[in-house]
Amino acid sequence: MATSCTDYNFLQIEPHWQNFWEQNGAFRAENISSKPKFYVLDMFPYPSGAGLHIGHPEGYTATDILARYKRAKGFNVLHPIGWDAFGLPAEQHAVKTGTHPASNTQNNIVNFKRQIKALGFSYDWDREIDTTDPKYFRWTQWIFLQLFQRGLAYVDERPVWWCPELRTVLANEEVVDGKSEVGSFPVERKNLRQWVLRITAYAERLLADLKDVDWPDSTKRMQEAWIGRSEGAEILFDLENKALGQLKIFTTRPDTLFGCTYMVIAPEHSLVEALTTVDNKAAVDAYRKKSAGKSDLERTDLAKDKSGVFSGAYAINPVNGHRVPIWIADYVLMGYGTGAIMAVPAHDDRDFEFALQFRLPIQAVVKPSLEWLGKNGAHLEVEVKIDGKSHTWTYAELIEAASTRDKTLEPRAYEVFSQRVSEFKSVFTDLGAAMNSGALDGLPTLEAKGRITESLEKRGVGKKTINYKLRDWLFSRQRYWGEPFPIVWVSEADYAKAKTIRGATLPPQAVTFKESGVTHYALPLPATALPLALPDVQSYLPSGTGESPLANETAWLEIWCNVETGAAVSASSPRPAGDAWVRGRRETNTMPQWAGSCWYYLRFLDPKNADAFASPEALKYWGAPDLYVGGAEHAVLHLLYARFWHKVLFDLGVVPQAEPFTKLFHQGIILGEDGEKMSKSRGNVVSPDTIIQSHGTDTLRLYLMFLGPLEAMKPWSMQQIEGMHRFLQKVWRELIAADGSVNPKVSATAADSAELTKLLHETIKKVGEKIETLQFNTAISDLMVLANAVQKSPTVNPATALTLLQLLAPFAPHIAEELWARLGATGSIMAAPWPAYDAAKLVITEVKLVFQVNGKHRGDQVVPVGLNEEAALQLARENPKVVPHLEGKTIKRVIYVPGRILNIVVA
RNA sequence: GCCCGGAUGGCGGAAUGGUAUACGCAUUCGACUUAAAAUCGAAUUUCCGAAAGGGAGUGUGGGUUCGAGUCCCACUCCGGGCACCA
C-alpha cells in the first residue's frame, strides 16, 4: 500500500516502506531452502559514541544492492549485521564516568541501529549479533579453548607501554610522542605476562592458501609481505671463550660467510651478559638501558645513525677461522631470526653503514657485473699495468676496456673492487658470483648458497631454515571490557589432579608461568562451564599493578574451583566437599577486540544456536561468504587473524572449507568536500542523518554509488547530490501527476517506440551485469539514460515503467516500492523476479560506420549491419567529408572492422 | 628507501586497441513566470575562423600498431601502505 503524498515526499515514503519490510520479514534468510544461497557480508561496525559516519553506508549500500538484486534473481540471500562491541573507547568512557561499559555500549548500539535502519538496508535483523553478549562470547571462549587444547596458546613475558604516573598499561594509540595521551606523563616499556597465540605455526598455510581466494592483489601482497617468508641458513659460530658455547645466527645469504667481519647481537640477547667483558660492562649496560626504553618505532626512527657498543668478545668464523668481534646494536631485533647476525658490510646496507661508523673491516665476497662496477665506481682513479707499463686510468675507462677490447683486464677490475669496496657509490646487495671465498669462488650466488649450506650441515655447524617476519599474536589486554579467559591458575599438584580427570582437554604441554619462584599452571574451564561472564566491578580504573581491574575483584578472582565441572565458589568460603575442588586464581587478562571479529561471520549462519557456534547443517548450507566488503585498513590484521582461526576450526573439522572469505572487496575512502580525510578537527565530517533529513536515503544511497568506482577514494560533494535528487524527482514526475494519481502518459494502450524498447532491454542487460561486477556508478548512468528516454517519450507503457522501477529498486528501494504500488502492481517489488532481457530486442539492423583516413576520423554514415568491405569502401569514397582527403592519393591499404570503422591508409 | 595505486574538460568521472570526454555537477543563453525557485530547450575540451571547416588534445618523452587514454620502455608529480626483518 502506497502512501498518500502527492509529491515525492521521501520523509513520508521511506519510513513507510521500512516499516512494511520489517512487518513482512522481507529479508529473512532461511537455513533450509531449495534455492541457491548467496551470503553477502559487511565488516560489522564498532558502535562508537560518534555514530555512523559516511564511510559506513558506502560499503553497506554496495552490499545491499547486491543482496536485493540476488533476491530478485531467486537466491536465498543471507545479509546480516551485528556489533563488534568490545573495545577501548567504551572502557575509557567507563573509567571517566564510572558507568558500566555495557550500558554505554548498548546506548551506542541503539543509535547505530536507528541510523542503519533509516538507510533502508535489507539486513536480516533476526540474526543480529553482539560480541559482548555472553551468548556470543561463550563461543569466542570456546574457540580459545580449542586453540589452548591444541597447544596454540601460551603465556610469555612481552613488553607493553607502562605509565608509572597513571599506574596503567597503555595501548599504542594512547601513547602520543612518548607521553601518555591522558595527562602527558612519561611512559616506558615494561615486560608483563601475556597470552600469545601461535599463529606462526600456520605461516606456511596462510601464505600458500592466498592463491585460492579472489581478493585484490594488493591485499594479497600485503599479507605475503607481512608473513614475510625468507629462506636461508642458521649458522653456529664458536665463541672464542669456549665455555660460553656457540652463537647461532640466521642469514639469507650464507654464500657471503667469508665476508663476515663482525657480528651483532640484539641488546636483549640472552648471551649479552655472559659475553660482555669487564672493561666493556659499563658501556654495554648503559646501551642496553637506553635501547630498552625505545619502542621498535624509535629504533627505526633513528635509522640514520647506527648505534651500538662492543662487547669485548670474539667469535670464530667457521669457514676461515677468522676471529670476529661481537657487537651489540639495536638494529638487530630479538624478535626476528635468532636475534643475532653475521655482519657482511660489503654486501648489506645496514652492516656497511655500521662498519663505516665503527671502522670495522669490509671484505668483498660477491662479484657484481662489470656494468654495475662501471656505474658505481666511475669516479675512481686506478693504476693499470699493460705490457709491464703502468698507466693511470679512470675506473670507467678500465671497465670500458675490460668489457670490450681486453678481457685480460677483468681481473684487475675486480681486484680494485675487492681492495676499495668502501669507495664505491653503493653497496652491492644483489646476486652475483662468489669471490674471495675459497672453494666457492666463481659460483653464482644461488649455487654458492646451496654448496656452503650443505658443507656447514655436514660439519654440524649450520642448516637450511625458513624464517618468517610474522610473529606470534599477542592476544591479551590488561583491560576490563573484553572476553575473560576461561582459565584458572592452579598449583602443579592440582594440575596433575585435573590431568587424570580431564586429560584429553588439556594441551600436550602444560602452559605455565613462574612468579616469585612458584610455577603456576593454566587450567582451562571445561566447555560446559562457558560462558565465563565478566563480574561487576567496583571501579574500572586499572589495578595499579599492571593487571586489569578484574584483579581487584577478590571474590571472583580467588576461588575454589571444581576441576571437573568448572564450578567455582569464592575462596573466602569454606572449601566445598569433594576431591575435585582445588584452590585457584582466575586469569585477569581479557581478550583483544580482534577475538570477537575473528569468527562472527560463522555465527550469522546460526546465531541463536545454544549447543554449538553454528550447526553443521547451517555451516554446510551457507559455507563461506560469497562476498565480503570492507575497508582496506583491515587488509592485514583482521583478515589474517580470521584466516588463522578459520584454519584451526577447519583442522578441527567444524568448518567445511579452509578459507573464510572467498571473495573480498575494499570500498574506497570518502574524503570531505575539501578533498581531505574527514575528521572532526577539520570540520568536514558529513553525517548520514543530515542527508537523510534533507534529501532522503534513496538519494544518499544513489549518490554514494554514483560518486565513482566503489574501490576509489573520492571526495564528497553537496552540489552533486542535488543531481541525484533531481533524477529521482524526474522518475517520480514521469510516472505520477501533480495530484498524486498516475501520470496520464503512462498508458496501457500506448506502445513504446522501437528505440525505447531496445534501450529498455539494453539497460536490463547492462544494469544486471554491472551489479554483478560492482560497477554501480555506470549502472546508475545507464538508469539515467533510460529515464531520460522515458521523459522524452510522449507515452510510456506501464510494463516499461515497472521494469524501470525494478532496475532502480536495488539502488533506491523506497521510491521503487512506492511507485510500484501506485502503478497498481501487486505485492512488494522485492518479490518480483528480476526482469529478463530479450536478446531478440537487442539485435540491431543499422550501425554508424566511422570512416578514417590514416587513422583520423573524417566522416561517418549509418549503414546496414553486415555491410561488406567493398560496399563500405564505396560509401566512404562517395562521402563528401572523406573525398577531399582521398583526392590525389593512392590507397595503400584498407582496414575494415564491420560495424565500427573503415580505415583507409593512403600515401 | 621499498611495495602498491593513480594522473582524462571548470569539477566527480565514462570509454572490449577502433568516433576521447557517456552520465552527473557547474556555467551561459533561451522558454515559462510580475519575479524568483522548480521545470523544459540549447550551448559548453582548446586554438584559428563570422561560418563551413581545420589544427591540437587523456601528466612528460620515446616505442609497438593501419589505429594508443588503453599495450611496452624511461621519467615527473600526487596519494596510500610498509619500513634496520639479517
Side-chain angles (χ1 to χ4, degrees), chain A residues 216-222 224-226 228-230 232-233 249-254 256 263-264 266 296-297 299-304 306-307 329-333 335-344 347-351 353-354 429 467-471 632-633 635-636 668-669 671 675 677 702-703 706-709 711-724 726-727 729-730 733 775 777-785 787-788 791-792 848-860 881 884 892-897 899-906:
Chain A
D217 280 345
S218 58
T219 306
K220 286 189 184 185
R221 271 192 290 266
M222 276 170 80
E224 274 166 20
W226 191 265
R229 182 184 199 274
S230 62
I249 62 104
F250 172 74
T251 178
T252 54
R253 292 292 299 271
T256 62
M263 310 192 70
V264 184
D296 282 3
L297 216 88
R299 281 189 178 191
T300 59
D301 267 3
L302 297 169
K304 273 140 217 145
K306 293 259 178 294
S307 67
D330 61 12
Y331 81 91
V332 171
L333 305 174
Y336 182 75
T338 62
I341 62 158
M342 64 174 205
V344 184
H347 304 289
D348 180 280
D349 289 310
R350 297 152 303 178
D351 296 348
E353 226 178 285
F354 191 86
T429 56
N467 241 295
Y468 298 94
K469 285 188 203 173
L470 183 68
R471 301 189 202 166
E633 67 273 19
V636 177
I669 298 171
L671 305 171
K677 257 191 178 170
L702 270 177
Y703 176 59
F706 188 69
L707 268 173
E711 68 276 17
M713 187 184 289
K714 34 210 172 211
W716 177 264
S717 155
M718 212 53 217
Q719 270 181 337
Q720 290 248 58
I721 200 170
E722 291 292 343
M724 284 306 111
R726 263 178 238 160
F727 165 60
Q729 295 272 20
K730 181 190 288 180
R733 249 190 347 260
Q775 292 171 283
N777 55 332
T778 51
I780 293 168
S781 301
D782 294 331
L783 288 171
M784 287 174 165
V785 171
N788 289 345
Q791 185 187 27
K792 293 243 160 53
K848 189 158 94 178
L849 183 67
V850 170
F851 301 132
Q852 294 184 340
V853 179
N854 286 350
K856 282 209 159 98
H857 177 210
R858 293 304 179 187
D860 50 56
K881 288 186 178 170
K892 288 177 65 182
R893 194 174 161 189
V894 174
I895 289 112
Y896 181 49
V897 184
R900 284 191 190 275
I901 58 135
L902 178 83
N903 188 12
I904 304 170
V905 185
V906 298

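These numbers were taken from a predicted model, which means no experiment stands behind them. Below, read A as the first sequence line, B as the second, and so on, with proteins coming before strands; counting in each chain starts at 1.
At a threshold of 4.0 angstrom between heavy atoms, the contacts of A:K792 are confined to the sugar-phosphate backbone, with no base atom among them. Within the nucleic acid shown, A:K892 has no heavy atom closer than 4.0 Å to any nucleic acid atom. Here A:D348 lies out of heavy-atom contact (under 4.0 Å) with every strand. Residue contacts for A:L707: at a heavy-atom cut-off of 4.0 Å it reaches the sugar-phosphate backbone alone, with no base atom in range. Within the nucleic acid shown, A:Q852 comes within 4.0 Å of at least one base atom, counting heavy atoms only. If you check every strand for non-hydrogen atoms under 4.0 Å, A:V785 touches sugar and phosphate atoms only.
For B:rA20 and B:rU45, the C1' atoms lie 10 Å apart once the distance is rounded to whole Å. For the C1' atoms, the distance from B:rG59 to B:rC78 is 10 Å, rounded to whole Å. When the P atom is used for both B:rA31 and B:rU46, the distance is 25 Å, rounded to whole Å. Only the C1' atoms considered, B:rU21 is 42 Å distant from B:rU34, to the nearest whole Å. If you take atom P in B:rG69 and the same atom in B:rU76, they sit 23 Å apart, rounded to whole Å. Of the P atoms belonging to B:rC66 and B:rC11, the separation is 36 Å, rounded to the nearest Å. Comparing B:rC4 with B:rG53, their P atoms sit 49 Å apart, to the nearest whole Å. Rounded to whole Å, the separation between the P atoms of B:rG55 and B:rA68 comes to 16 Å.
The distance from atom NZ of A:K469 to atom CZ of A:R471, rounded to the nearest 0.5 Å, is 10.5 Å. Of the inter-residue distances, the one linking A:I780 atom CD1 with A:L702 atom CG reads 5.0 Å to the nearest 0.5 angstrom. Here A:M784 contributes atom CE and A:M724 contributes atom CE; the two are 3.0 Å apart, rounded to the nearest 0.5 Å. The line from CD of A:E633 to CD1 of A:I669 is 6.5 Å long, rounded to the nearest 0.5 Å.
An OP1 or OP2 oxygen of B:rC40 is reached within less than 4.0 angstrom by a side-chain nitrogen or oxygen of A:Q791. In this structure, A:S230 reaches the B:rA86 phosphate: one of its side-chain N or O atoms is under 4.0 Å from OP1 or OP2. For the OP1/OP2 pair of B:rC23 and a distance below 4.0 Å, the side-chain nitrogens and oxygens of A:N777 include no atom meeting the criterion.
Remark: C1' of B:rG13 and CG of A:D782 are 14 Å apart, rounded to the nearest angstrom. Protein atom CG of A:N854 is 16 Å distant from nucleotide atom C1' of B:rA68, rounded to whole Å. With rounding to whole Å, A:E224 atom CD is found 20 Å from B:rG81 atom P. Atom CD1 in A:I780 sits about 14 Å away from atom P in B:rG13, given to the nearest Å. Distance A:R221 CZ to B:rC4 P: 6 Å, rounded to the nearest Å. Here B:rG5 presents its P atom at 15 Å from CE of A:M713, a figure rounded to the nearest Å. Rounded to whole angstrom, the span from the CD atom of A:Q775 across to the P atom of B:rC23 amounts to 18 Å. To the nearest angstrom, P of B:rA68 lies 11 Å from CD1 of A:I901.
For A:P715, the side-chain atoms get nearest to B:rG13 when compared with the rest of B:rU39, B:rG13, B:rC66. Set against B:rA86, B:rC40, B:rA22, the side chain of A:S781 has B:rA22 as its closest nucleotide. Residue A:T252 places its side chain closer to B:rA86 than to any other of B:rA86, B:rG13, B:rC40. Of the candidates B:rA86, B:rA14, B:rG55, B:rG55 carries the atom nearest the A:R858 side chain, counting heavy atoms from C-beta on. Nearest nucleotide to the A:Y331 side chain, out of B:rC66, B:rC84, B:rG79: B:rC84. For A:I895, counting side-chain heavy atoms from C-beta on, the closest listed nucleotide (B:rC4, B:rG18, B:rG13) is B:rG18.
If you check B:rA68 for Watson-Crick or wobble pairing at under 3.5 angstrom, you find it has no partner at all. Across all strands shown, B:rA52 forms no Watson-Crick or G-U wobble pair with both key distances under 3.5 Å. Nucleotide B:rC77 has B:rG6 as its partner under the Watson-Crick or G-U criteria, with both atom distances under 3.5 Å.
At a cut-off of 3.5 angstrom, counting only N and O atoms as typed in the model, there is a donor on one side and an acceptor on the other between the side-chain of A:R900 and the base of B:rU16.
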Would you check, one step at a time, whether the test side-chain contact (heavy atoms from CB on, under 4.5 Å) holds for A:N777 with A:K714? CA-CA 12 Å; A:N777 55 332; A:K714 34 210 172 211; over 6 Å; no
Take A:I341 and A:D351 through the side-chain contact (heavy atoms from CB on, under 4.5 Å) test and state the conclusion after the steps. CA-CA 10 Å; A:I341 62 158; A:D351 296 348; 3.6 Å; yes
Mind running side-chain contact (heavy atoms from CB on, under 4.5 Å) on A:H347 and A:R253 for me, showing each step along the way? CA-CA 9 Å; A:H347 304 289; A:R253 292 292 299 271; 5.5 Å; no
Which is it for A:S781 and A:F706 under the side-chain contact (heavy atoms from CB on, under 4.5 Å) test, yes or no, and what are the steps along the way? CA-CA 8 Å; A:S781 301; A:F706 188 69; 3.7 Å; yes
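Because its glycosidic torsion is more than 90° from 0, B:rG6 is reported here as anti.
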Letter by letter from the 5' end, nucleotides 24-29 of chain B scores (B base, S sugar-phosphate only, - none; protein heavy atoms under 4.0 Å) BSS---
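Judged by distance alone, with hydrogens and angles left aside, the side-chain atoms of A:N903 form a donor-acceptor pair with the main-chain N or O of A:G855 at under 3.5 Å.
If you find the closest nucleotide of RNA chain B to A:V850 and to A:A712, the one lying nearer the 5' end belongs to A:A712. Position along RNA chain B of the nearest nucleotide to A:M222 versus A:N467 favours A:M222 as the more 5'-ward residue.
With a 6.0 Å radius and a threshold of 12 heavy atoms from other residues, nucleotides or ligands, A:K220 has its NZ atom above the threshold.
A:F354 and A:Y331 have tilted rings, their planes meeting at an angle from 30° to 60° on a 0 to 90° scale.
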